[in-house]
Structures are given as structure tokens and as C-alpha cells.
Number of protein chains: 2
Amino acid sequence: MKISELSDRSGLPVQTIKYYIREGLLPKGAATAATRAEYAEEHLERLRLIRALREVGDLPVASVKRIIGAVDDEAVGLHELLGTAAYTLSPAVEPRPEDPDWRSAREDVDAIVAELGWQVSTDAPTRDLLAQAFLALRRLGRPIVWTDLRPYIEAATIIAEHEIGGIPVEGERGQAVQTAVATNVLYEKVLLALRRMAQENVSARRFGDGTEDR
Amino acid sequence: MKISELSDRSGLPVQTIKYYIREGLLPKGAATAATRAEYAEEHLERLRLIRALREVGDLPVASVKRIIGAVDDEAVGLHELLGTAAYTLSPAVEPRPEDPDWRSAREDVDAIVAELGWQVSTDAPTRDLLAQAFLALRRLGRPIVWTDLRPYIEAATIIAEHEIGGIPVEGERGQAVQTAVATNVLYEKVLLALRRMAQENVSARRFGDGTEDR
DNA sequence: TCCCATTAGATAGTGACACTCTCCAATATT
DNA sequence: AATATTGGAGAGTGTCACTATCTAATGGGA
């Protein structure tokens, strides 16, 4: 199909498609002449993935590029792919080992991971992410305690078991891998939306007078 | 304290503090002369809140302002405050009722909420947020089903019960309200980090060979 | 008391980001 | 042959969150 057709079918401006090609998010079409190229169904599929990650996942273009690179790399297995995604998805938190407060928060994280017996890489950015949240909570006078943390750990475990368990071990790479990453990102948003809804629900029952519709 | 002292203690440049004052995130200091103002401990506290929401919560300045406005408004009760926060936190998703796919996704959301019997406002932005994710999943050929959704609902319920249950009903406003919102935002990040860690853990156990450290 | 650092307040500038626009030459279509 | 479309490249745009500069007015130490 022509680029204008790709544009129509994807709902994206031609300019944006060209931009994605320039940035390496989307492969070029097969050139049929100096000023003509043919786009396939895969291009449309890829655009859908890009838009899902951009609009719903709110990922920067650079992150989308990294993830797509891992998806396209046939040598990358599912486990590594999920790792790449997790690493890429974590907003870069630069650790500051010189700050004693930071170190303390990071040590709390490490202690918790050890306590749980979780197999999480020592240099996983998620550890820093968690440490950053711990540090902020402490600064606000709300240091974390086990009691507060337990429900989150429980919830995270429930979800992760289901998510990883749902990934087919056998079968071909490709479509499966592509959606594995996308669903990972998308279901994160599902979880957040559901948490907020559940909060509103519980809050309405506890504090509301039952009549308000906001 | 002087602004330079506030800057030192908060770790923020004087220019940034001035910027926050201009934007209405931080009240001015008490003017003692045309070119002098006195800042109190509250200013420092407020800066900590702003930084927590900005750096950890990754909220735009405008959102921080809205939340702070609700926190400062004595007339706003806890339930409404949480509502304001939830509304403000949801990235604006503009619904497109003319798009049949969108309508279908939104109807799925409404059906699920009704099925669960949750008290969630009809025009809550979380509904649109969820619909957006559903739509993207469908487009990627992965329409949501109850089986997939249940663990997330379960997890969201566990967390919300704990979170709302932990809010003191009695007691004075003020500090309590301020941290209620902050912890809501911060624990969202805690949850996300824990989910990723749990994923890495389960993935490592399932796919890893046990020797790898990444 | 004199002088230099500091401050409030306002305006302008910066760098990152994700597009979006404009052009040109080379086709394709009619 | 006339008109529209395309690939490719570079420049421009708007938003955001600061950051820099400037001016006039103190403040506080020598």
C-alpha cells in the first residue's frame, strides 16, 4: 500500500509516519522507484504498537525505539525481552550513593527484596525506583513500614504470577513477543485505572453519603 | 529564614523557588521590606511535597498546583480531595463518542463497573482511561477477557481497601490531608516498582537457568 | 557611614521533545 | 501533457520546566 493509504488506515499524518521512519521506529517501505515505496500489513501493525506505547503507555519515542529494537532482535529471548522492557520503562532515576538518605532508602529496598527471596538483579533500575519513592515518603514524614507495604507486595505477586504464567513458553516468536511487551505496558495502565476506581468505590462507601454523584 | 537558606535546605535553586512562587505552587514569604521576605518551616514542607509529586510522581506543574489548591482549601473534605487528586492525576484522555470502537470499549468498561457494583462516577476520567487501554489492546488483537482482568481487579481491591482504610476519619485536617494525597501518588510508584520486580522474579524462576544475574 | 552582597520581581532565554511544515526533484496518474 | 503524490531532508512550532539576566532596593559588616 502507498504511504497515503497507510496514513489513512492508521489515522496518522503522513508526516508523522515519515518521522517514525526517520527515527527508526518503523522500517522503510520497499522502494519500487526513487519516489515510491510499498508498505505492507506489518507496517500498519507496527504503527498500532507504536501508538499504543506512545498514547496509552505514554512512553517517549526513544523508549519505544529501544523496545522495538529488542522485539525485532530474533536473538533476544522472552525473558531478556521482558527485562529490556522493564529496564527501558523505568524512568531514569540517577542514584546518589553519596547521599546518606538515599543509601539508607536503597538499603531498605535491598533488605526487602532479600527478605522476600525475590530473584531481582542487584542493578535493576526498579530498585532505585522503589528507593526513590521510599526516600520521598520518609522526607514527608511517612516512612514505609511492613504493614503498609504488605498489601502492595501481595497485589504485585498476584499480578505477576498471572502475567508471566500467561506467556506461552512454546510456540513461535514474532506476534507473540510483540504483544507480550505491549500488554505488559498496557495492563500497567489497566491496573492503575482499576486502583483509582477501587479507591473511589471504597472512599464513596466509607465517606460518601450515598447520594452524591460528584 | 531567607530565600537563600530555603534554597540550601531544600536543595533547590533560588530561581526554581521563585518560579514556584510565580506559578502559585508556593506562597510568598512574609515581606519584611521591599526586597526582603521571611520564609517559614511550612515553606520547606511545601517544597518537599512539590518535589515528591514532581520527581517521584512525575506530575506536571499544573497538576501539582491543582492538587495543592485542593489541599489548601479548608472546605474540601477528604473524600472530595481524593476525588480531585484522582481526577487531576488521570492524564487527559479525550473521549471520542463518534468512534464506534471507542464507544464499544467504553461500554465494556461501564459493564464491568456495573458488574462489580462499584460506586464510580459515570464521568470519572478513570473510565476513559481504562477504555483507552481496552481499545488499544483490542487493536493489537488482544481483547480483554474476564480471566485476564480478574487478577487486576483483585489486586486493585486489596490495595484500595488498605489505602482508604488507613486514612484516619477523625482528627484535624492539615498535615494529614497533605500526606494523604502525596502517599496516594507515591504508593502508586511503589506498586509499579513492585510489580516489575515481581515480574522479574517470576520470569527468572520460570525462564532463567538459575545462574544468570540479569 | 560606606560598600558590596542579597533579594523581590519581572522579562527573556534555554534545551528537550514530538511532531509539523516546507521544499525539491522524481515519478505516477489521468 | 498536466496535475497530484512521494521520498528525503532540513527547518520550524508549541509546550514544558526551568534558568538567566536585569533593575532597584535594601541589609549587614568593616
Side-chain angles (χ1 to χ4, degrees), chain A residues 1-40 43-44 46-47 49-68 88-89 91-94, chain B residues 1-40 43-44 46-47 49-68 88-89 91-94:
Chain A
M1 80 190 94
K2 307 193 296 182
I3 198 172
S4 53
E5 205 177 334
L6 187 61
S7 167
D8 285 345
R9 289 231 269 155
S10 67
L12 291 170
V14 170
Q15 295 304 334
T16 302
I17 295 173
K18 284 184 173 186
Y19 166 69
Y20 288 155
I21 293 174
R22 272 208 300 284
E23 293 298 311
L25 301 196
L26 186 70
K28 305 188 185 188
T32 61
T35 67
R36 201 81 8 163
E38 180 69 14
Y39 297 89
H43 288 90
L44 190 56
R46 174 57 55 90
L47 281 178
L49 174 63
I50 293 171
R51 290 323 286 177
L53 296 178
R54 289 275 312 120
E55 288 171 12
V56 187
D58 204 31
L59 297 187
V61 166
S63 301
V64 175
K65 183 177 178 179
R66 260 198 302 282
I67 289 176
I68 281 179
T88 302
L89 296 177
V93 177
E94 87 294 12
Chain B
M1 84 188 89
K2 307 194 297 182
I3 198 174
S4 54
E5 206 176 335
L6 187 61
S7 167
D8 285 345
R9 290 231 267 154
S10 67
L12 292 171
V14 170
Q15 293 305 333
T16 302
I17 295 173
K18 285 185 174 185
Y19 166 69
Y20 288 154
I21 293 174
R22 273 206 303 282
E23 293 298 312
L25 300 196
L26 185 71
K28 305 187 186 190
T32 62
T35 65
R36 201 79 15 159
E38 181 68 15
Y39 297 88
H43 288 89
L44 191 55
R46 173 57 54 91
L47 281 178
L49 175 61
I50 294 171
R51 288 325 285 178
L53 295 178
R54 288 278 308 121
E55 288 171 11
V56 187
D58 203 30
L59 298 187
V61 166
S63 301
V64 175
K65 182 178 180 179
R66 262 197 301 282
I67 290 177
I68 280 178
T88 303
L89 295 178
V93 177
E94 88 294 11

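Chain naming here is simple, since letters A, B, ... match the order of the sequence lines and numbering starts at 1 in each.
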Novice: Calculate the interatomic distance between Glu23(A) atom CD and dA16(C) atom P; express it in whole Å.
Specialist: 14 Å
Novice: What is the distance, to the nearest angstrom, from the NZ atom on Lys65(A) to the C1' atom on dC17(C)?
Specialist: 15 Å
Novice: Show every salt bridge (Lys or Arg N to Asp or Glu O under 4.0 Å) that has at least one partner inside residues 3-18 of chain B, sequence neighbours left out.
Specialist: Arg9(B)-Glu41(B)
Novice: Kindly write out the residues that satisfy side-chain contact (heavy atoms from CB on, under 4.5 Å) with Glu55(A), not counting sequence neighbours, or none if the list is empty.
Specialist: Arg51(A), Gln132(B)
Novice: Of the candidate nucleotides dG8(D), dA25(D), dT20(C), which contains the atom at the shortest distance from the side chain of Pro13(A)?
Specialist: dT20(C)
Novice: Between dC18(D) atom P and Ile17(B) atom CD1, what is the distance in whole Å?
Specialist: 12 Å
Novice: side-chain contact (heavy atoms from CB on, under 4.5 Å) with Pro13(B): which residues, sequence neighbours excluded?
Specialist: Thr16(B)
Novice: Can you sort out the partners of Gln15(A) under side-chain hydrogen bond (donor to acceptor under 3.5 Å, both in side chains), two or more places apart, ordered by chain and number?
Specialist: none
Novice: Using the salt bridge (Lys or Arg N to Asp or Glu O under 4.0 Å) rule, collect all pairs that involve residues 23-40 of chain B, keeping only residues at least two apart or in two chains.
Specialist: none
Novice: Tell me whether the side-chain N or O atoms of Gln15(B) pair up with the base of dC18(D) as donor and acceptor below 3.5 Å, since no angle test is needed here.
Specialist: no
Novice: Could you tell me which non-hydrogen atom of Leu12(A) sits nearest to which non-hydrogen atom of Ile17(A), and how far apart they are?
Specialist: O-CD1, 4.1 Å
Novice: State which residues pass side-chain contact (heavy atoms from CB on, under 4.5 Å) with Arg46(A); sequence neighbours excluded, sorted by chain then number.
Specialist: Leu26(A), Pro27(A), Leu49(A), Ile50(A), Ile68(A), Asp72(A), Gln178(A)
Novice: Quick check on the helix from dT1(C)-dA30(D) to dT30(C)-dA1(D): what's the angle between its two end axes, five base pairs per end, to the nearest 10°?
Specialist: 10°
Novice: Are there any protein N/O atoms within less than 3.5 Å of an N/O atom in nucleotides 11-17 of chain D, and if so, which ones and at what distance?
Specialist:
from    : atom 1 : to       : atom 2 : distance (Å)
dA17(D) : OP1    : Val61(B) : N      : 3.2

Novice: Tell me every residue that passes ring pair (Phe, Tyr, Trp, His ring centres under 6.0 Å) with Tyr20(B), counting only those two or more places apart in sequence or in another chain.
Specialist: none
Novice: Distance check needed: dC19(C) P versus Leu12(A) CG, whole Å only.
Specialist: 9 Å
Novice: Can you name the residues that form a side-chain contact (heavy atoms from CB on, under 4.5 Å) with Ser63(B), not counting sequence neighbours?
Specialist: Leu59(B), Pro60(B), Arg66(B), Thr88(B)
Novice: I'd like a list of close polar pairs between nucleotides 4-7 of chain C and the protein, N/O only, cut-off under 3.5 Å.
Specialist:
from   : atom 1 : to       : atom 2 : distance (Å)
dT6(C) : O2     : Arg36(B) : NH2    : 3.2
dT7(C) : OP1    : Ser4(B)  : N      : 3.4
dT7(C) : OP1    : Ser4(B)  : OG     : 2.6

Novice: Suppose we screen for side-chain hydrogen bond (donor to acceptor under 3.5 Å, both in side chains). Which residues come up paired with Arg22(A), at least two apart in sequence or across chains?
Specialist: none
